[in-house]
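Have a look at the structure below, then the notes.
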2 protein chains.
Amino acid sequence: MSDHKTKDTQDRILDSAELLFSEQGIAATSLRSITQRAGVNTAAIHYHFGDKLALIEAIVSRRIAPMNRERLKRLDELEAAGGHREIDIAELLRAYLGPVVAAQAEWGEGARKLGALMARLRIEQTDIEALFAHFQDLHDRYAKALARALPELGKDEAGERLDYATGAMIHLLMHAHESSESAASGLEQRFERMIHFLAAGFRAPSEPNTRHRFANPDVVDVVGRVAEQGART
Amino acid sequence: MSDHKTKDTQDRILDSAELLFSEQGIAATSLRSITQRAGVNTAAIHYHFGDKLALIEAIVSRRIAPMNRERLKRLDELEAAGGHREIDIAELLRAYLGPVVAAQAEWGEGARKLGALMARLRIEQTDIEALFAHFQDLHDRYAKALARALPELGKDEAGERLDYATGAMIHLLMHAHESSESAASGLEQRFERMIHFLAAGFRAPSEPNTRHRFANPDVVDVVGRVAEQGART
DNA sequence: GTCTATAAAAGGATAGAC
DNA sequence: GTCTATCCTTTTATAGAC
């Protein structure tokens with residue numbers, strides 16, 4: 001443990017920022033509220049990080065980048081160990097999603113809602129080009145691995161399904177705290193159930209070209225326009 | 001119908017707000033930027049709606065509430081038509097997710113990114129209790145229907161999987177504009193592929209109780225800290 | 001209903017003493 | 001490195017003329 005107060009202040013700011021960003025959103029969180037909650041001075045953020053964007057980047061460096069490195073590492077390990085055998089889908093999904101869920105489970109209060117934070121980083125346009133590139137690379141590598149394990153799929157459809165898996169995981173993380181079971185083991189079990197669900201989806205053969213409309217003919221009703229006719233209730 | 005300019009102004013504000021909210025986020029979007037883009041006066045929002053929260057509620061009333069009514073209506077129709085036959089999972093999922101995707105496809109420029117807007121409404125804590133209640137009801141009814149169609153599942157696990165489906169759909173909507181295929185039919189095809197993927201997941205039997213860790217032993221690496229840190233509360 | 005002007009508050013950022 | 005004080009900008013919101 002270092003005695004430097006510097007480190008402590010920086011970490012406190014990062015912890016506080018992570019928590020508030022994930023709870024309220026990045027744009028909605030003022031630097032003042034971050035320093036206030038961290039118990040440090042108002043000017044501390046600017047001294048230690050520069051500005052708000054730099055603070056976000058620091059959060060990414062501390063948490064998200066290492067997490068993504070772990071995800072890539074686990075893919076490396078699977079591919080190295082697998083040799084020429086085909087890799088199990090569920091194992092691939094665990095390698096892809098597990099480090100994220102693990103991170104949320106292990107981290108302290110500061111990132112209890114990692115899923116929300118990640119969702120926000122994706123949604124709120126934070127111009128962290130490096131982050132985006134990193135996610136892109138991760139996605140590509142896993143999409144390729146999945147396409148290899150499921151040759152019938154093709155890389156594009158594997159990539160699509162991988163996005164759905166990501167969306168599912170974000171929902172899991174965001175609702176994790178609502179679990180009625182004991183926090184830690186509950187999350188683990190829900191994760192396993194999610195993997196099971198997703199793996200079954202991935203194993204589904206690529207649909208030929210059935211054509212189905214997502215809308216009923218009278219869907220225009222949805223828009224709040226027209227279509228008063230023909231509605232039987 | 002009406003010649004009143006009032007209606008036009010209100011709609012222009014709503015269109016503009018929808019677009020900007022979905023692109024930049026609610027908190028990050030100023031009322032000024034909304035009126036500016038709508039080409040109406042700065043004070044118009046306050047005159048017509050009151051404040052920012054009321055504006056959000058107006059958006060919900062105009063778009064999201066009707067959309068959710070459609071989703072419930074389609075469930076009603078499926079249950080009525082089905083009688084005692086068991087309802088097809090894919091059909092249930094189309095009824096649940098279709099109206100959302102249809103809405104994004106049908107609506108004008110104002111809501112091109114409906115998925116993002118919905119995600120934001122969920123994530124950014126907008127205190128619209130009514131909206132939340134409405135989503136809750138929707139979720140419950142579909143979870144029950146799915147549990148009925150898949151008796152082995154149980155309502156809780158059906159509800160979990162339904163959340164994953166929602167997460168997947170949000171990803172679909174958010175990335176819909178990136179489609180390389182022609183916008184409309186591309187979305188339709190991707191939607192069908194997603195349904196196919198999700199339905200396969202839903203049909204997977206409930207996993208007994210295999211126990212798997214989502215983390216490798218050295219997952220602590222993910223956190224960027226070292227493992228000898230020891231236990232915590 | 002629409003506009004201009006402006007009040008009142010909050011946010012990001014910095015200077016300079018300690 | 002930390003603190004106080006402050007500047008500048010943006011934002012919500014309102015008052016009042018037209």
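Being a predicted model, the structure only gives us computed values, none of them experimental. Every chain is numbered from 1 and lettered A, B, ... according to where its sequence line falls, protein lines coming before strand lines.
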Expected output: side-chain A:Q104 to main-chain A:L173 donor-acceptor under 3.5 Å: yes
Full working for salt bridge (Lys or Arg N to Asp or Glu O under 4.0 Å) between A:E192 and A:R94: CA-CA 9 Å; A:E192 235 354 89; A:R94 283 192 196 93; 2.8 Å; yes
Distance in angstrom units between A:I34 CD1 and C:dA10 C1', rounded: 15 Å
Nucleotide C:dC3, atom C1' - distance to CD of B:Q36 in whole Å: 15 Å
D:dG1 OP1/OP2 closer than 4.0 Å to side-chain N/O of A:N41: no
N or O in side chain of A:T9 less than 4.0 angstrom from D:dG1 OP1/OP2: no
Lys NZ or Arg CZ of A:R71 over A:Y96 ring: under 6.0 Å, within 45°: yes
B:T166 vs B:M118 side-chain heavy atoms within contact, under 4.5 Å: no
Salt bridge (Lys or Arg N to Asp or Glu O under 4.0 Å) partners of residues 163-176 of chain B, not counting sequence neighbours, each pair once: none
Per-nucleotide protein contact string for nucleotides 12-18 of chain C (B base, S sugar-phosphate only, - none; heavy atom under 4.0 Å): BBB----
is_close_aromatic(B:Y164, A:Y164), centroid dist under 6.0 Å: no
